[in-house]
Amino acid sequence: MRRIDDLDVQGRRVLVRADLNVPLDGETITDDGRIRASVPTIQALAGRGARVIVCAHLGRPKGSPTPKFSLRPVAARLGELLGTEVAFATDVVGDSAVRTAQELQDGQVALLENLRFEPGEESKDDAARTAFAERLAGLAELYVGDGFGAVHRKHASVYDVPRLLPHAAGGLVLAEVEVLKKLTEDPARPYVVVLGGAKVSDKLGVISNLLAKVDRLLIGGGMAYTFLAAQGHEVGGSLLQADQLEQVRGFIDEAAKRGVELILPVDVLAATGFAPDAEHEVVPTTAIPADRQGLDIGPATRELFAGKLADARTVFWNGPMGVFEFEAFSGGTRAVAEALIGSDAFTVVGGGDSAAAVRQLGLPEAGFSHISTGGGASLEYLEGKTLPGLAALED
Ligand code: ADP
Ligand code: MG
């Protein structure tokens, strides 16, 4: 993959596909991690005299302008982080975008409105996507792919535009790929993976692939209950995907066959309801009351997991151990995060909510070897899939 240093950008308009898909509460950005991760590439290009046109998506507006998904607040935050004004185009490829691109001076930065306001961006129809990609490419002379969180999408700005313009991979994409390569090609052992989060169905592909690679698999979060149920435990009102039981039983057998240590919670915080102040108690996973739901792993499990992480030399962690958004149920996620921070292993956190949890809990990001900005993208990479946005940057 070409790097931005391989492009002659001075005085030229460079379209940068970034991942600025941040959580918003109204117009307030509640976690600006992805914006901060996008800054170095934008800054490097602007510093070399490029006219930088940033494009990105936010949320799922489904192909038409939707005010609550406007990138305008992101332009303001990006400007603060860059220490310079960021011009904002109120459309994606319309009059405002064209004018904004034309008016940019060397070293200046602009942001286009949400790519997903245009139906062509996500269209499954190649012709529709190409038509939109041509308009987007028409705004610039060069393309830089740096939106790692979107590289698993076959979208116009990710997949089609780099085929229309001379291109390079941005620093963020290169850094992410380097880390994922380290996890897939000859990781230092023991290689331990910790999985959590809400749904086991989101992670079937990655579990299946990882079983062939890891030494230990620790399962917490909402998805643990489908594993516990597959082993015959009653899980009360906990998150359970009954339609995945068969598949999960297959994973349990596969782990045993391959000699992968599969570790499930031994206790949980069983709550009376899904609420921040829900009454709760610690119960063993063999005795979850029918009228309770597990919202976090319990203290014995935290210790068990920490022990299984202690001698690891490579760790990949995806998915919170509990409903960390509620303070009372954030302890399991904190315990796993702290075990990683205290470890000498090569530690990688993948997943939007996992990364947000680290920051929300006030834990030092520098305590991990790498925090990925792309949840879905890093999982698909680990599944062994070809990612369209990386393939497009290859040639
Ligand atoms: P990531 O974005 O890191 O890949 P996921 O999106 O898979 O993670 O899952 C994150 C969500 O899982 C969080 O919102 C968290 O509240 C939820 N979750 C974790 N444990 C539980 C649980 N026991 N019950 C319900 N939801 C849970
Ligand atoms: Mg998530």
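Atoms within each ligand, like the ligands themselves, are counted from 1 in listed order.
Atoms of ligand 1 found under 4.0 Å from any heavy atom of N318 (numbered from 1 in listed order, with element): 4 (O). Against a heavy-atom cut-off of under 4.0 Å, Y225 is close to the following atoms of ligand 1: 23 (N). Every atom of ligand 1 with a heavy atom of G221 under 4.0 Å away is listed here by number and element: 20 (N), 23 (N). Remark: ligand 1 atoms within the under-4.0 Å shell around heavy atoms of S354 are 1 (P), 3 (O). Residue contact check: G319 has heavy atoms under 4.0 Å from atoms 3 (O), 8 (O) of ligand 1.
L204 contributes atom CG, which lies 5.0 Å from atom CZ of F251 (distance to the nearest 0.5 angstrom). Rounding to the nearest 0.5 angstrom, the gap separating the CZ atom in R313 from the CG atom in D344 is 10.0 Å.
The pair D296-R334 does not meet the salt-bridge criterion, since no charged nitrogen lies less than 4.0 angstrom from a carboxylate oxygen. With respect to D6 and R3, no salt bridge is recorded, no charged nitrogen being found less than 4.0 Å from a carboxylate O. Between R153 and D19, no side-chain nitrogen of the basic residue sits less than 4.0 Å from a carboxylate oxygen of the acidic one, so the salt-bridge criterion is not met. Using a cutoff of 4.0 Å between basic side-chain nitrogens and carboxylate oxygens, R258 and E254 are scored as salt-bridged. In this structure, D146 does not pair ionically with R17, as no charged nitrogen and carboxylate oxygen lie closer than 4.0 Å. Checked for salt-bridge contact, E246 and R249 meet the test: a charged N lies under 4.0 Å from a carboxylate O.
G375 does not count as a contact of ligand 1, since none of its heavy atoms falls under 4.0 Å from the ligand. For the pair F329 and ligand 1, no heavy-atom separation below 4.0 Å is found.
Considering both main-chain and side-chain atoms, G294 comes within under 3.5 Å of ligand 1 through a nitrogen or oxygen pair. Residue G196 places no N or O, backbone or side chain, under 3.5 Å from any N or O of ligand 1.
With a cut-off of 2.8 Å, the Mg ion (ligand 2) has an N, O or S atom of D353 in range.
Contacts between L379 and ligand 1 below 4.0 angstrom, taking non-hydrogen atoms only, are absent altogether. When heavy-atom distances to ligand 1 are checked against a 4.0 Å cut-off, E325 comes that close only through its side chain, counted from C-beta outward. Of all the heavy atoms of K203, the ones lying under 4.0 Å from any atom of ligand 1 belong exclusively to the side chain.
When the options P320, G220, A356 are ranked by their closest heavy atom to atom 8 (O) of ligand 1, first place goes to P320. Within the set V349, D353, V268, the minimum heavy-atom distance to atom 6 (O) of ligand 1 is found for D353.
Summary of contacts: the protein heavy atom closest to atom 27 (C) of ligand 1 is V323 CG2, 3.6 Å. Counting only heavy atoms of the protein, atom 21 (C) of ligand 1 lies nearest to G222 N, 3.3 Å. Looking from atom 19 (C) of ligand 1 to the surrounding protein, the closest heavy atom is G322 O, 3.2 Å. A198 N, 3.1 Å is the protein heavy atom nearest to atom 12 (O) of ligand 1.
Proximity of the aromatic rings of F274 and F326 is defined here by a centroid distance below 6.0 angstrom, and this criterion is met.
In summary, the side chains of E176 and T373 do present a donor paired with an acceptor at a separation below 3.5 Å, with no hydrogens or angles considered. Side-chain polar atoms of T226 and Q244 form no donor-acceptor pair below 3.5 angstrom.
Side-chain atoms of S96 come within 3.5 Å of backbone N or O of T90 as a donor-acceptor pair.
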